[in-house]
Number of protein chains: 2
Amino acid sequence: MLIQIDFSSDEAIYQQLCNQIILGIATARYAEGEVLPSVRQLAEDIGINMHTVNKAYTVLKQEGYVKVDRRRGAFISVETDREAAIRQIGKELRILLAEARCRNLDREDLHAMVDLIYDEYEAAPGAQRTAGGEQAPE
Amino acid sequence: MLIQIDFSSDEAIYQQLCNQIILGIATARYAEGEVLPSVRQLAEDIGINMHTVNKAYTVLKQEGYVKVDRRRGAFISVETDREAAIRQIGKELRILLAEARCRNLDREDLHAMVDLIYDEYEAAPGAQRTAGGEQAPE
DNA sequence: CTATCTGTTATATCATCCATATAACAGATA
DNA sequence: TATCTGTTATATGGATGATATAACAGATAG
């Protein structure tokens with residue numbers, strides 16, 4: 001699963017977990033339909049409490065990154081409501097760009113940073129997202 | 001000062017304060033050298049505790065947005081270390097772009113969002129940032 | 001049916017953080 | 001001296017994060 005937690009970080013453990021799984025989806029390291037480890041298994045693997053993992057899964061479920069099947073457990077299932085995504089990302093982007101503008105970074109600087117990070121994600125091992133991959137269990 | 005706090009938000013009050021001041025700087029509503037209200041005054045204005053305002057000012061000071069002069073109080077003074085800014089913004093941008101990519105937003109979508117927000121900031125009342133305006137007190 | 005796996009829920013405890021309150025201190029200013 | 005500034009100290013109530021123990025319902029393999 002390759003999850004690395006920084007216990008000295010001021011960022012909550014469950015939040016770090018969420019971020020790493022989202023990062024894993026973005027770099028296609030986790031594919032649509034792929035089953036996540038059970039809360040107990042993952043908790044044991046990285047040496048944290050079961051409820052901390054459960055909280056991360058619950059948040060990821062609410063935010064539309066995973067779903068739960070009684071039979072298989074939690075699996076990757078990304079909701080792609082374009083308008084909702086733009087609204088949510090835009091909200092977070094607003095404060096980030098305010099910081100950038102205070103530091104005299106112009107829009108070209110930001111475009112370059114976006115491209116750099118997108119290059120990084122697309123170059124990740126096993127990364128060819130074709131906007132498909134639906135095999136939801138029924 | 002035009003500060004609006006959402007008391008039902010899950011975002012900390014001092015954090016909302018920081019964000020609004022940073023937003024104010026980005027839209028040139030607050031200029032370099034401009035004096036901020038005293039912690040007691042601003043606390044009374046928006047109906048919160050003095051220490052909450054003090055915490056916001058302390059954070060803004062640490063992050064290089066304001067400085068403090070014994071005689072005048074806190075005033076806007078933005079540190080623009082380009083490399084440090086790129087490093088810090090980039091770190092926050094990484095998780096945000098991961099979310100965007102999961103939702104099938106491509107780099108052109110992000111460029112458009114960046115431009116839209118930058119337009120918004122540049123069109124703000126009294127916004128012509130000429131990267132100058134240094135009148136530090138001595 | 002039994003044993004074992006899955007997520008989920010209910011408590012409880014401890015530490016940390018947020019916001020509040022009261023109080024005081026040092027420097028600057030009129 | 002009186003009044004403003006930021007700053008510090010201490011305390012309290014509430015919320016959150018992480019832990020722990022325990023139990024429950026659904027699914028599955030034996």
Side-chain angles (χ1 to χ4, degrees), chain A residues 1 3-21 30 33-77 95 136-138, chain B residues 1 3-21 30 33-77 95 136-138:
Chain A
M1 193 63 182
I3 296 285
Q4 205 63 30
I5 298 297
D6 177 10
F7 291 97
S8 65
S9 169
D10 59 335
E11 198 177 21
I13 295 176
Y14 83 91
Q15 192 62 61
Q16 291 185 49
L17 250 174
C18 287
N19 287 346
Q20 291 212 22
I21 290 172
Y30 308 138
E34 185 169 340
V35 178
L36 294 172
S38 76
V39 289
R40 290 173 178 82
Q41 183 61 55
L42 185 51
E44 191 183 4
D45 283 358
I46 57 188
I48 62 176
N49 192 273
M50 178 196 73
H51 294 93
T52 306
V53 177
N54 186 254
K55 178 157 187 178
Y57 281 12
T58 301
V59 170
L60 287 171
K61 195 170 58 178
Q62 285 176 334
E63 294 183 349
Y65 289 104
V66 313
K67 285 184 178 170
V68 172
D69 188 278
R70 265 292 175 198
R71 296 165 288 184
R72 305 190 303 157
F75 60 95
I76 306 287
S77 173
I95 171 63
E138 213 64 44
Chain B
M1 195 61 183
I3 296 285
Q4 204 62 31
I5 298 297
D6 177 9
F7 292 97
S8 65
S9 169
D10 59 335
E11 198 176 21
I13 295 176
Y14 84 91
Q15 191 62 59
Q16 291 184 50
L17 251 174
C18 287
N19 287 346
Q20 292 210 24
I21 291 173
Y30 308 138
E34 185 169 341
V35 177
L36 295 172
S38 76
V39 290
R40 290 173 178 83
Q41 184 61 55
L42 185 52
E44 190 184 5
D45 283 357
I46 57 188
I48 61 175
N49 191 272
M50 180 196 70
H51 294 94
T52 307
V53 178
N54 187 255
K55 177 158 188 176
Y57 281 13
T58 300
V59 170
L60 287 171
K61 196 170 57 177
Q62 285 176 334
E63 294 183 348
Y65 289 103
V66 313
K67 286 184 178 172
V68 173
D69 188 280
R70 265 287 174 200
R71 295 165 288 184
R72 304 190 304 159
F75 62 95
I76 306 287
S77 173
I95 172 63
E138 211 67 41

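Each chain gets a letter, A, B and so on, in the order the sequences are listed, and its residues count up from 1.
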- [ ] Go through the steps for A:Ile3 and A:Asp45 under the test side chain to side chain contact (heavy atoms under 4.5 Å, CB included), then give the verdict.
- [x] CA-CA 9 Å; A:Ile3 296 285; A:Asp45 283 358; over 6 Å; no
Open item on the list: For A:Asn54 and A:Tyr14: C-alpha separation, side-chain torsions, deciding distance, then whether side chain to side chain contact (heavy atoms under 4.5 Å, CB included) applies.
Closed with: CA-CA 8 Å; A:Asn54 186 254; A:Tyr14 83 91; over 6 Å; no
- [ ] Please lay out, stage by stage, how A:Phe7 and A:Ile48 fare under the test side chain to side chain contact (heavy atoms under 4.5 Å, CB included).
- [x] CA-CA 10 Å; A:Phe7 291 97; A:Ile48 62 176; 3.7 Å; yes
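Distance, A:Ile48 CD1 to D:dG17 P: 14 Å, rounded to whole Å. With rounding to whole Å, B:Tyr57 atom OH is found 10 Å from D:dT5 atom P. Note: CD (A:Gln16) to C1' (D:dA18) measures 13 Å, nearest angstrom. Atom-to-atom, CD1 of B:Ile13 to C1' of D:dG14 comes out at 13 Å; the value is rounded to the nearest Å. As rounded to whole Å, 14 Å separates atom C1' of D:dG6 from atom CG of B:Leu42. Here the P atom of nucleotide C:dT6 and the CD atom of A:Glu44 are 11 Å apart, to the nearest Å. The distance between atom CG of A:Asp69 and atom C1' of D:dA25, rounded to the nearest whole Å, is 15 Å. What separates CG of B:Asp10 from P of D:dT16 is a distance of 8 Å, to the nearest Å.
Of the side-chain N and O atoms in A:Thr52, one or more sit less than 4.0 angstrom from OP1 or OP2 of D:dT19. Remark: A:Lys55 is in phosphate contact with D:dG17, judged by side-chain N or O atoms under 4.0 Å from OP1 or OP2. A close approach under 4.0 Å does occur between a side-chain nitrogen or oxygen of B:Asn54 and OP1 or OP2 of D:dT7. Proximity of B:Asn49 to the phosphate of C:dA19: no side-chain N or O atom is located under 4.0 Å from OP1 or OP2. Between B:Tyr14 and C:dC18, a side-chain N or O to OP1/OP2 separation shorter than 4.0 Å is present.
With DNA chain D read from its 5' end, the first of the two nearest nucleotides for A:Arg40 and B:Arg40 is the one closest to B:Arg40. With DNA chain D read from its 5' end, the first of the two nearest nucleotides for B:Met50 and A:Gly47 is the one closest to B:Met50.
The shortest distance between side-chain heavy atoms of A:Tyr65 and A:Ile21 does not fall below 4.5 Å. For the pair B:Leu42 and B:Leu17, the minimum side-chain heavy-atom distance is below 4.5 Å.
Taken from CG in B:Leu36 to CD in B:Gln41, the straight-line distance is 12.5 Å, to the nearest 0.5 Å.
Comparing D:dA22, D:dT8, C:dT8 against the side chain of A:His51 picks out D:dA22 as the nearest. Of all nucleotides listed (D:dT7, C:dC18, D:dA20), C:dC18 comes nearest to the side chain of B:Ala12. Of the candidates C:dA28, C:dT8, D:dA9, the closest approach to any side-chain atom of B:Arg71 belongs to C:dA28.
Atom CD of A:Glu44 has 12 or fewer neighbouring heavy atoms from other residues, nucleotides or ligands inside a 6.0 Å radius. Dense packing is recorded around CD of B:Glu11, with more than 12 heavy atoms of other residues, nucleotides or ligands lying under 6.0 Å away.
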Task: Pair pattern of DNA chain C in dot-bracket, where unpaired bases get dots and | marks partners in another strand, Watson-Crick or G-U under 3.5 angstrom - done: |||||||||||||||||.||||||||||||
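Among the heavy atoms of the strands lying under 4.0 Å from A:Lys61 are primed sugar atoms or P, OP1, OP2 only; no base atom is included.
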